[in-house]
Structure formats: structure tokens, C-alpha cells
Amino acid sequence: MPAKIIDGKALSLSIREQMKSEAERFETTFGRKVGLAVIKVGANPASEVYVRNKIKACEDVGVRSFSYNLPEEIAESDVMDLIDELNANESVDGILVQLPLPKTINEKKVLARILPEKDADGFHTLNAGGLMLGLPCTKPCTPAGIIELIKSTGVAIAGKNVVVIGRSNIVGKPVAMLLLSENATVTICHSRTVDLKSHTLNADILVVAVGIKEFVTGDMVKDGAVVIDVGMNRADGKLYGDVNYPEAVEKASFITPVPGGVGPMTVTMLIKNTIESAFRCKEN
Ligand code: NAP
């Protein structure tokens, strides 16, 4: 029997409904809307789409967005000045810098400049460290969304063998940490992993974040596995995942589609992080 589709769009919409009332509660209590600043540098076409989606999500939920479209040739010091300004701005609860930045700007330096409590993406070293140590922190959006998607299937994470393919700082490593804190037995695979298939065939839950179109084929998927496809690969004007969907759908019990799986959840978690930061700052 083909896998059930994990509908990230539908899950996103239902979480956004809950967030709407949280955003309203904030406004009623504190007399202003929750605010998210979105900084984009240059004109990367993919970034334009992502930023548009994030601003639209803010509008849907009742979060005020502050949008900054900076020219490609802007000096790093000017980006830093803007971040300082936003750090000090009491109407701004979250700051997001859309990546990638132009090569002339040091990404690490820029991300480190955002106050950890306004770090809507959860990329600041203090938040990454908090995740590692199991301390309260802002969780990175895509990994947090992946956990929600898995939980929505009703399949328990605790005790399961989970294989994550990819060890990036924004997806692979943090999602592995979150899965570990959910008591999964986690294996992280990467480009130097020997005999990848022997690992993936042992995965009750398989999370794929490689960035190679249809990299995971059906013969790499264990019967009945939950498959989470993080990949977003553009080819022939279409979006493809990292998993060969037509093959994997015949093996898995649950699978995320691309598009409509992980992507919408990433945006939703960003807004959720911002609303939570807003309350945390006021209540602490
Ligand atoms: P990344 O930084 O390029 O990392 C890719 C990872 O895949 C690396 O750890 C790499 O291993 C590993 N890898 C590459 N080739 C491999 C191979 N042959 N076998 C096993 N592992 C291999 O990518 P990322 O930022 O994590 O993103 C991954 C994908 O997710 C991309 O398609 C990206 O567009 C997508 N993405 C989607 C969302 C969303 O919201 N849906 C968010 C973020 C990313 P090494 O470390 O050894 O090089």
C-alpha cells in the first residue's frame, strides 16, 4: 500500500490558526503587534520567494513585518548597523537575515550580531549551544518543523532508529539533536559515510537533507519507514526533493511531498519562534 502523505501545508495552516490567537493575545496584553524584521541582501531569486512567503505568513497570522531589501554591494558594517538598530527597537521581537548573503559579507559575523533573544531562525551560537545542552532556546525552524511533521503521523519517535542524511548546521545537526532529545536512536550520515544504504535500510524514520535531486531511491528505504524529505532542488522549472518520491512512496508508511511538506512548516516555525520570543521578553 502506498505511503500516507504528510501534508505540511495543512499542518502549517492549523498551527497558524493557533498562532493567530497567540498573536492577538500579545497585542491585547501589550498594546502592540508582535514584530519580525526580515533582511534580504541582493536579488537571489530563491531568496525573493522565501522572503515573500515569510512576509505573507506574518500577515496571515497578524504579526507585523519590517522588510529590508538591501543592495548586493552594501558594506558589511551597514548591515551590522541595521542589526544594532533592530536589536534596540522595542517593536521588533525577531530578526531574520535571509541566507545566503553575498560573499563580501561574513555570514557568521552578521548572525552573531543578532541578540540571541531576537534570533528568529535559531542560528545564533547561544541558541545552537542551548539546543546541544538541552537548555531553553530558540530552535532552528526547519528542524523544529520536521519534529512536528513526524509527530503528526502519530508514530512514536522514542526508541526508533532514526537516520539523518546530512550534517549541516541548519538542518542535519540540529534535527539530530532534537530527535535525540525525543529519545530516538540517531545515526547521522554524510558524504564520507561508507555503505549509506546499510544505514538507511535500518531507519524507522529517515530524514534526508542532502541537496541532491532524488538522491534516496526506493531500494534505500525500509518497508514502513517514515520518510521526511527536506530537499528543495530546482530543475526544469520544477521543485524536486532529495528523495525519489514515486519509488519511496511504495515503501514508506508516511512521506512528505516536495513541495508541500517541510517547506511550509519552516515558515510557520519562524513565526512561532517570533511570537514565543515576544512573550518571553515581556514575561521575563
Ligand atoms: P548542505 O549544507 O549542502 O548539506 C548537505 C549535506 O549532505 C552535507 O552534510 C553533506 O555531507 C551531505 N551529503 C552530500 N552528498 C552526500 C552523499 N553523496 N551521501 C551522503 N551525504 C551527502 O545542505 P542543507 O543546507 O542541509 O540543505 C539540504 C537540502 O535541504 C537542500 O536541498 C536545501 O535546499 C534543503 N533545505 C530545505 C529547507 C526547507 O525549508 N524545506 C530548509 C533548509 C534546507 P558533508 O557534510 O560530508 O559534505
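Atoms within each ligand, like the ligands themselves, are counted from 1 in listed order.
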Checklist entry - Between atom SG of Cys137 and atom CE of Met132, what is the distance when rounded to the nearest 0.5 Å? => result 12.0 Å
Checklist entry - Please state which protein non-hydrogen atom is closest to atom 13 (N) of ligand 1 and give its distance, to 0.1 Å? => result Val210 CG1, 3.7 Å
Checklist entry - For atom 31 (C) of ligand 1, what is the nearest protein heavy atom, given as residue, atom name and distance? => result Gly211 CA, 3.6 Å
Checklist entry - What heavy-atom pair brings Ala184 and Val162 nearest, and what distance separates the two atoms? => result CB-CG2, 3.5 Å
Item to check | Nearest-0.5 Å distance, CD1 of residue Ile255 to CD1 of residue Ile228 | outcome: 9.0 Å
Checklist entry - In terms of heavy-atom contacts, does CD of Glu90 have more than 12 from other residues, nucleotides or ligands at under 6.0 Å? => result no
Checklist entry - Identify the closest protein heavy atom to atom 25 (O) of ligand 1: which residue and atom is it, and at what distance? => result Ile170 CD1, 3.6 Å
Checklist entry - Considering only protein heavy atoms, which is closest to atom 40 (O) of ligand 1, and at what distance to one decimal place? => result Thr266 OG1, 2.8 Å
Item to check | Nearest non-hydrogen protein atom, atom 42 (C) of ligand 1 | outcome: Thr142 OG1, 3.3 Å
Checklist entry - Which one of Met232, Lys173, His199, Arg192 has a non-hydrogen atom at the shortest distance from atom 32 (O) of ligand 1? => result Met232
Item to check | Sub-4.0 Å atoms of ligand 1 with respect to non-hydrogen atoms of Ile165 | outcome: 20 (C), 21 (N)
Item to check | Residue and atom name of the nearest protein heavy atom (relative to atom 19 (N) of ligand 1), distance in Å to one decimal | outcome: Phe215 CZ, 3.4 Å
Item to check | Inter-residue atom distance Ile147.CD1 - Leu178.CG, 0.5 Å rounding | outcome: 5.0 Å
Checklist entry - What do you reckon, does Leu196 have a nitrogen or oxygen under 3.5 Å from a nitrogen or oxygen of ligand 1? => result no
Next on the checklist: Counting neighbours of NZ on Lys33 that are heavy atoms of other residues, nucleotides or ligands and sit closer than 6.0 Å, is the number greater than 12?
Outcome noted: no
Item to check | Option whose closest heavy atom lies nearest to atom 46 (O) of ligand 1, chosen from Met265, His190, Arg234, Arg167 | outcome: Arg167
Next on the checklist: Which option wins on minimum heavy-atom distance to atom 6 (C) of ligand 1: Pro100, Ala209, Ser191?
Outcome noted: Ala209
Item to check | Verdict with supporting geometry, Ser191 and Arg167, side chain to side chain donor-acceptor pair (under 3.5 Å) | outcome: CA-CA 9 Å; Ser191 68; Arg167 55 174 166 179; 4.6 Å; no
Checklist entry - Where does Asn233 meet ligand 1, judged by heavy-atom distances below 4.0 Å: at the side chain, the backbone, both, or neither? => result side chain
Checklist outcome for this item: Between Pro71 and Val41 the two heavy atoms that sit nearest each other are O-CG1, 3.6 Å
Item to check | Ring-face cation of Arg25 near Phe279 (centre distance under 6.0 Å, axis angle within 45°) | outcome: yes
Item to check | Shortest protein contact, atom 1 (P) of ligand 1 (heavy atom only) | outcome: Ser168 CB, 4.1 Å
Item to check | For Gly166, atoms of ligand 1 separated by under 4.0 Å from a heavy atom | outcome: 6 (C), 7 (O), 9 (O)
Checklist entry - Backbone, side chain, both or neither: what part of Val171 comes under 4.0 angstrom of ligand 1, heavy atoms only? => result side chain
Next on the checklist: Using heavy atoms and a 4.0 Å limit, tell me yes or no: is Gly263 in contact with ligand 1?
Outcome noted: yes
Checklist entry - Can you tell me if Thr193 has a non-hydrogen atom under 4.0 Å from ligand 1? => result no
Checklist entry - How long is the span from the CG atom in Asn161 to the CD1 atom in Ile205, to the nearest 0.5 Å? => result 9.5 Å
Checklist entry - Which residue, Lys118, Arg32, Arg64, Lys272, forms the salt bridge (charged side-chain N to carboxylate O under 4.0 Å, His left out) with Asp93? => result Arg32
Checklist entry - Among Leu99, Ile212, Val175, Val230, which residue places a heavy atom closest to atom 15 (N) of ligand 1? => result Ile212
